[in-house]
Structure formats: C-alpha cells, structure tokens
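Working notes, structure below.
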Amino acid sequence: MTDVHGGGAAGSGEPRIRPASAADGDALRDLDAVTWSRLHAVMPPPAPDAPFFDERHRPEDYLVAELAGPARAGLARPAPARVVGYICVVRPTSLEVNEHVRQIQGLAVAPAVRGSGVARALLRAGVAHARALGARRLTLRVLGHNVPARRLYESEGFAVEGVLPEEFLLDGTYVDDVLMGRTLL
C-alpha cells in the first residue's frame, strides 16, 4: 500500500498517513505508553520493554500518522518526521464468511497534537484502507464513557449497533462496551 494521505509539510500541521513498518515499533510502543488511559483501555498499561509488533499485531495492520519536523536554521533538510498517531485495521475473525468486514482495533494520538485533526485523518485513512482491501463494512468497539471518541466516530458515519451493558469493571466502575459500525459502500 502506498501513502494514504499526503501533507505533513513543515509548518502545515497536516499529518502524513502511511503504512507502518517494523521500524516503527519503538515509536508506536512509546506512543501507547503516553496515551494509555482507562478512558479507552481495558488492558493494563504496556510494559516499557515489550515489543509493539507480534504475531497478532503485524506492521501491515497499522497506518501511522507523522508530522514533518521543523525546519532547522542553516540546514537544507528539516528535522525527521515524528510519529504522532496510529490506527489498526484488521479482520475481526479468521472466518471466511466475514472476510468482507474490517475492524478498528486501536486508534491513538499523541497528547500534544490532540484536537488538531490527526485522529480524524487516521480514521478517514482507515476507512479508505479497509475499502482498498475489499471490505464492505468497518466496525469498532468503544467504551461507553469515551464520549470524545464516540462523537468522532459518529461524525464520520459510524452508528451504534449494540451495547454490552456493564461489560467491563474498570477501577471499581462498570463500563458499557459500545459496538459501532458503518457501511463502506
């Protein structure tokens, strides 16, 4: 797959969305560490030395958002781009009967750039990526109390398709698991 979204020019603030590579593992692990929150996570925080990619989480399942580094005085080239987010789009099961469905199983954005459109750009790139893979539907799960994420998903055409009431007990509070989806046709 080639770049999904251009941009990322120095000073533009627009992210460049590209496929992840194995070389992104450390940056994505570090991003997971700084973005971990009970607002969206049911698993414990990631171990600082754990590999980001493994047999279930492969680089080809991820799109990465990066921003160009600032221009450096006296140098012809700007600083290297920095990873500021990712989205993971995978098949929800290995069953042939639902190979037409993809599921978002992770969306993270660095705190320093939240509210700047990176999550929306990643989500739109994820939709385009799922379509390019031949998917007809895209689904996701979001915690009921994660209102900012739910609003973003709804604004991009996702609808609530089911709710698992009090599915998780997080820090002494029961939290709903909200199932959302949209057509890609």
Side-chain angles (χ1 to χ4, degrees), residues 1-8 15-29 31-32 35-36 39-44 46 50-66 83-109 117-146 148-168 175-185:
M1 187 174 108
T2 58
D3 284 346
V4 177
H5 180 72
R16 175 178 172 252
I17 310 295
R18 62 169 175 78
S21 72
D24 293 315
D26 289 346
L28 296 177
R29 181 193 61 228
L31 182 63
D32 262 1
T35 60
W36 187 92
L39 183 62
H40 63 82
V42 297
M43 299 295 289
F52 184 81
F53 297 118
D54 58 30
E55 59 279 345
R56 287 188 45 234
H57 306 93
R58 304 166 313 167
E60 57 266 27
D61 298 328
Y62 290 81
L63 299 175
V64 172
E66 59 184 17
V83 172
V84 295
Y86 72 79
I87 189 168
C88 177
V89 179
V90 298
R91 289 183 58 184
T93 73
S94 60
L95 299 171
E96 188 175 317
V97 294
N98 87 325
E99 68 183 352
H100 63 284
V101 179
R102 291 297 182 277
Q103 186 174 67
I104 295 171
Q105 292 188 356
L107 176 62
V109 174
V118 172
R120 188 173 303 279
L122 281 164
L123 189 56
R124 289 177 178 174
V127 166
H129 179 62
R131 273 193 188 112
L133 294 172
R136 297 172 50 93
R137 286 185 34 76
L138 185 58
T139 64
L140 61 90
R141 297 169 71 168
V142 60
L143 295 176
H145 64 239
N146 192 344
R150 291 178 62 184
R151 284 187 182 141
L152 171 65
Y153 299 138
E154 288 170 357
S155 74
E156 291 295 322
F158 288 83
V160 173
E161 297 181 339
V163 176
L164 302 174
E166 300 183 351
E167 185 71 3
F168 301 107
V175 179
D176 296 347
D177 189 11
V178 179
L179 312 176
M180 300 182 79
R182 64 165 283 180
T183 183
L184 298 178
L185 301 178

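Note that the numbering runs from 1 along the sequence shown for the chain.
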**Study point:** salt bridge (charged side-chain N to carboxylate O under 4.0 Å, His left out) between Asp32 and Arg29, worked out
**Key:** CA-CA 5 Å; Asp32 262 1; Arg29 181 193 61 228; over 6 Å; no
Check your understanding: Quick one: does His100's side chain have a donor or acceptor within less than 3.5 Å of a partner on Gly134's backbone?
Key -> no
**Study point:** Backbone N/O of Phe53 and side chain of Arg56: donor-acceptor pair under 3.5 Å
**Key:** no
Kindly compute the distance separating [atom1] ([X]) from [atom2] ([Y]), expressed to the nearest 0.5 Å.
| X | Y | atom1 | atom2 | value |
| --- | --- | --- | --- | --- |
| Arg131 | Thr183 | CZ | OG1 | 8.0 Å |
| Leu140 | Arg102 | CG | CZ | 15.0 Å |
| Leu28 | Tyr86 | CG | OH | 7.0 Å |
| Leu164 | Asp176 | CG | CG | 8.5 Å |
| His129 | Ile104 | NE2 | CD1 | 11.0 Å |

Exercise for review: Report the C-alpha distance between Val127 and Leu138 in whole Å, list the side-chain angles of each, state the deciding distance to 0.1 Å, and finish with yes or no for side chain to side chain contact (heavy atoms under 4.5 Å, CB included).
Suggested key: CA-CA 7 Å; Val127 166; Leu138 185 58; 3.7 Å; yes
[X] vs [Y] side-chain heavy atoms within contact, under 4.5 Å:
| X | Y | answer |
| --- | --- | --- |
| Tyr153 | Val160 | no |
| Glu99 | Leu133 | no |
| Asn98 | Pro92 | yes |
| Val142 | Met180 | yes |

Which pair of heavy atoms, one from [X] and one from [Y], lies closest together, and at what distance?
| X | Y | answer |
| --- | --- | --- |
| Leu63 | Gly126 | CD1-N, 3.9 Å |
| Leu143 | Val42 | CD2-CG1, 3.9 Å |
| Trp36 | Ala41 | NE1-CB, 3.3 Å |

Check your understanding: Where do Thr139 and Val101 land on the side chain to side chain contact (heavy atoms under 4.5 Å, CB included) test, with the steps shown first?
Key -> CA-CA 7 Å; Thr139 64; Val101 179; 4.1 Å; yes
**Study point:** Member of Arg182, Arg150, Arg151, Arg120 meeting the salt bridge (Lys or Arg N to Asp or Glu O under 4.0 Å) criterion with Glu156
**Key:** Arg120
Exercise for review: Identify whether the distance between the nearest side-chain nitrogen and carboxylate oxygen of Arg137 and Glu161 falls below 4.0 Å.
Suggested key: yes
Review point. Would you find more than 12 non-hydrogen atoms of other residues, nucleotides or ligands less than 6.0 Å from Arg136 atom CZ?
Key: no
Review point. For Arg91, which residues count as a side-chain hydrogen bond (donor to acceptor under 3.5 Å, both in side chains) partner, sequence neighbours excluded?
Key: none
**Study point:** Leu107/Leu122 under side chain to side chain contact (heavy atoms under 4.5 Å, CB included): CA gap, chis, key distance, verdict
**Key:** CA-CA 8 Å; Leu107 176 62; Leu122 281 164; 3.8 Å; yes
Exercise for review: Go through the steps to decide whether Leu39 and His145 satisfy the test side chain to side chain contact (heavy atoms under 4.5 Å, CB included), and finish with yes or no.
Suggested key: CA-CA 7 Å; Leu39 183 62; His145 64 239; 3.4 Å; yes
Review point. Looking at residues at least two apart in the chain, or sitting in another chain, which of them share a side chain to side chain contact (heavy atoms under 4.5 Å, CB included) with Asp61?
Key: Arg58, Cys88, Val90
Practice item. Show your working on side chain to side chain donor-acceptor pair (under 3.5 Å) between Asp24 and Tyr62 and close with a plain yes or no. Key: CA-CA 10 Å; Asp24 293 315; Tyr62 290 81; over 6 Å; no
